Asker: 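Before anything else, here's the structure in question.
Residue numbers start from 1 in every chain, and the chains themselves are labelled A, B, ... in the order their sequence lines are given, proteins ahead of strands. What you see is a predicted model; the values in this text were computed from it and never measured.
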Protein chains: 2
Amino acid sequence: MKRQDRRSDCPISFALETFGDTWSLLVMRDLLFTGKRTFGDFLRSEEGIATNVLAARLRALEEAGLIRAEGEGRNLRYGPTAKGLDLLPILLEMIAWSARHDARSAAPPAFVARISKDRAALMSELREQIAGAHGPPAKRSKSKK
Amino acid sequence: MKRQDRRSDCPISFALETFGDTWSLLVMRDLLFTGKRTFGDFLRSEEGIATNVLAARLRALEEAGLIRAEGEGRNLRYGPTAKGLDLLPILLEMIAWSARHDARSAAPPAFVARISKDRAALMSELREQIAGAHGPPAKRSKSKK
DNA sequence: CTGTATCCTTAGGGATACTG
DNA sequence: CAGTATCCCTAAGGATACAG
């Protein structure tokens with residue numbers, strides 16, 4: 001979609017056109033919840049994305065202004081922009097929804113509870129945690145996926 | 001996806017597999033925000049969905065337990081189930097995100113403001129409004145898309 | 001009006017080999 | 001490790017004609 005052939009000015013439609021594909025939100029999840037920062041990190045995610053697909057996705061996310069690359073060569077690291085960070089509420093609601101409607105959901109109940117009952121504090125904790133994700137690759141922290 | 005070849009137990013992934021395609025959330029939007037209830041209503045939406053695609057989507061949404069069909073023949077009407085109604089918070093956050101990051105967003109500012117500042121009341125208003133959507137087809141109410 | 005039935009096209013995605 | 005480069009393939013989506 002070439003940015004000018006939008007289907008409509010509907011905000012839902014815009015959101016879908018920006019990150020409504022198979023992989024974007026999974027990469028953002030890795031970025032926002034699991035502290036993953038490198039190409040290899042994303043590649044090793046449970047769902048198994050192909051290298052070319054991942055590369056394409058990272059490029060698209062960067063063009064959309066959701067992520068930013070820093071460093072170069074083997075030191076390249078990806079991080080969320082403010083715009084990408086703003087996806088947090090959407091992702092949280094998706095987690096809450098799945099926790100409620102999917103028996104197999106892997107979301108920690110305590111975490112899920114906080115989404116509705118302790119929203120503000122949870123959000124700032126997460127933002128802090130994300131900002132501090134600068135250790136060596138594959139840092140797991142006590143993230144929840 | 002045949003319900004058993006899930007990519008993972010990640011809640012984000014589950015959500016995407018359930019309604020992460022091009023059309024599902026747009027149909028749910030019509031259902032939850034604009035009071036549309038009939039095949040023709042959805043068909044006339046701004047984005048222009050094809051009849052076969054719409055039919056397939058409605059079937060999938062029904063299988064996923066997000067919508068329910070009532071009546072028969074020309075009197076057929078679709079409505080959200082509780083599970084579908086629960087998508088409301090996700091859609092609201094998507095609206096808020098687009099309002100913030102898309103200059104062309106058509107979301108009414110007053111509505112957007114309420115998403116963060118008057119969430120509870122907004123939600124129950126919407127739920128009421130949705131429950132009451134039983135007039136003749138193409139009822140527009142004072143919805144926002 | 002509410003869909004089915006076809007046909008066709010294409011973007012998105014998978015597998016794999018390879019490179020600096 | 002961080003990607004490119006290919007090749008291939010299929011599910012998803014468009015267009016349109018038709019049916020109860």
Asker: Over how many whole Å does the gap from A:Glu70 atom CD to D:dA2 atom P extend?
Answerer: 15 Å
Asker: Return the value, rounded to whole Å, for the distance between atom CG of B:Leu16 and atom P of D:dA12.
Answerer: 14 Å
Asker: For B:Asp21 and D:dG14, what is the distance between atoms CG and C1' respectively, to the nearest whole Å?
Answerer: 15 Å
Asker: Is the distance between the ring centroids of B:Trp23 and B:Phe42 less than 6.0 Å?
Answerer: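 Ring centres of B:Phe42 and B:Trp23 not closer than 6.0 Å.
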Asker: Can you check the B:Leu54 CG to C:dC1 C1' distance for me, whole Å?
Answerer: 13 Å
Asker: I want to verify a distance call: between D:dG3, C:dG13, D:dT4, whose nearest atom is closest to the A:Phe39 side chain?
Answerer: D:dG3
Asker: Are OP1 or OP2 of C:dG12 and a side-chain N or O of A:Thr22 less than 4.0 angstrom apart?
Answerer: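 It does not, given that no N or O in the side chain of A:Thr22 lies less than 4.0 Å from OP1 or OP2 of C:dG12.
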Asker: Expressed as a whole number of angstroms, how long is the span from A:Leu43:CG to D:dT4:C1'?
Answerer: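 Those two atoms, CG and C1', are 14 Å apart.
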Asker: Listed by chain and number, what are the side chain to side chain contact (heavy atoms under 4.5 Å, CB included) partners of B:Ala56, not counting sequence neighbours?
Answerer: none
Asker: Within a strict 4.5 Å, meaning less than it, do heavy atoms of the B:Leu122 and B:Leu126 side chains meet?
Answerer: yes
Asker: Please report the interatomic distance CZ(B:Arg127) to CG(B:Leu85), rounded to the nearest 0.5 Å.
Answerer: 4.0 Å
Asker: Output the rounded distance in Å from CD (A:Glu17) to P (C:dG12).
Answerer: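 Atom CD in A:Glu17 sits about 12 Å away from atom P in C:dG12.
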Asker: If you only use heavy atoms from C-beta on, which nucleotide in D:dG13, C:dG13, D:dG3 is closest to the side chain of A:Leu76?
Answerer: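 Selected nucleotide (nearest to the side chain): D:dG3.
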Asker: Quickly work out the A:Ile49 CD1 to C:dA15 C1' distance and round it to whole Å.
Answerer: 14 Å
Asker: Which residues pass the side-chain hydrogen bond (donor to acceptor under 3.5 Å, both in side chains) test with B:Thr22, sequence neighbours left out?
Answerer: none
Asker: Would one find more than 12 heavy atoms of other residues, nucleotides or ligands at under 6.0 Å from atom CZ of B:Arg119?
Answerer: yes
Asker: Using only side-chain N and O atoms of B:Arg59, determine if any of them is under 4.0 Å from OP1 or OP2 of C:dT4.
Answerer: yes
Asker: When you check the phosphate oxygens OP1 and OP2 of C:dA11, does a side-chain N or O of A:Trp23 lie under 4.0 Å from one of them?
Answerer: no
Asker: As an exercise, state the distance from CD1 of B:Ile90 to CG of B:Asp86, rounded to the nearest 0.5 Å.
Answerer: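 If we round to the nearest 0.5 Å, B:Ile90:CD1 and B:Asp86:CG are 8.5 Å apart.
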Asker: Report for the helix from C:dC1-D:dG20 to C:dG20-D:dC1: angle between first-end and last-end helix axes, five pairs each, rounded to 10 degrees.
Answerer: 50°
Asker: With sequence neighbours excluded, tell me which residues meet side-chain hydrogen bond (donor to acceptor under 3.5 Å, both in side chains) with A:Ser13.
Answerer: A:Glu17
Asker: Just to verify, what does B:Phe39 make a ring-ring contact (aromatic ring centres under 6.0 Å, His included) with, not counting sequence neighbours?
Answerer: none
Asker: Can you give one letter per nucleotide of nucleotides 15-20 of chain D, going 5' to 3': B for a protein heavy atom under 4.0 Å from the base, S for sugar-phosphate only, - for none?
Answerer: BBB---
Asker: Hey, does B:Tyr78 reach any base, or is it just sugar-phosphate, or nothing, if we go heavy atoms under 4.0 Å?
Answerer: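 Answer is sugar-phosphate: B:Tyr78 comes under 4.0 Å of backbone atoms only.
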Asker: Let me know the distance between NZ of A:Lys36 and P of D:dA2, rounded to the nearest Å.
Answerer: 13 Å
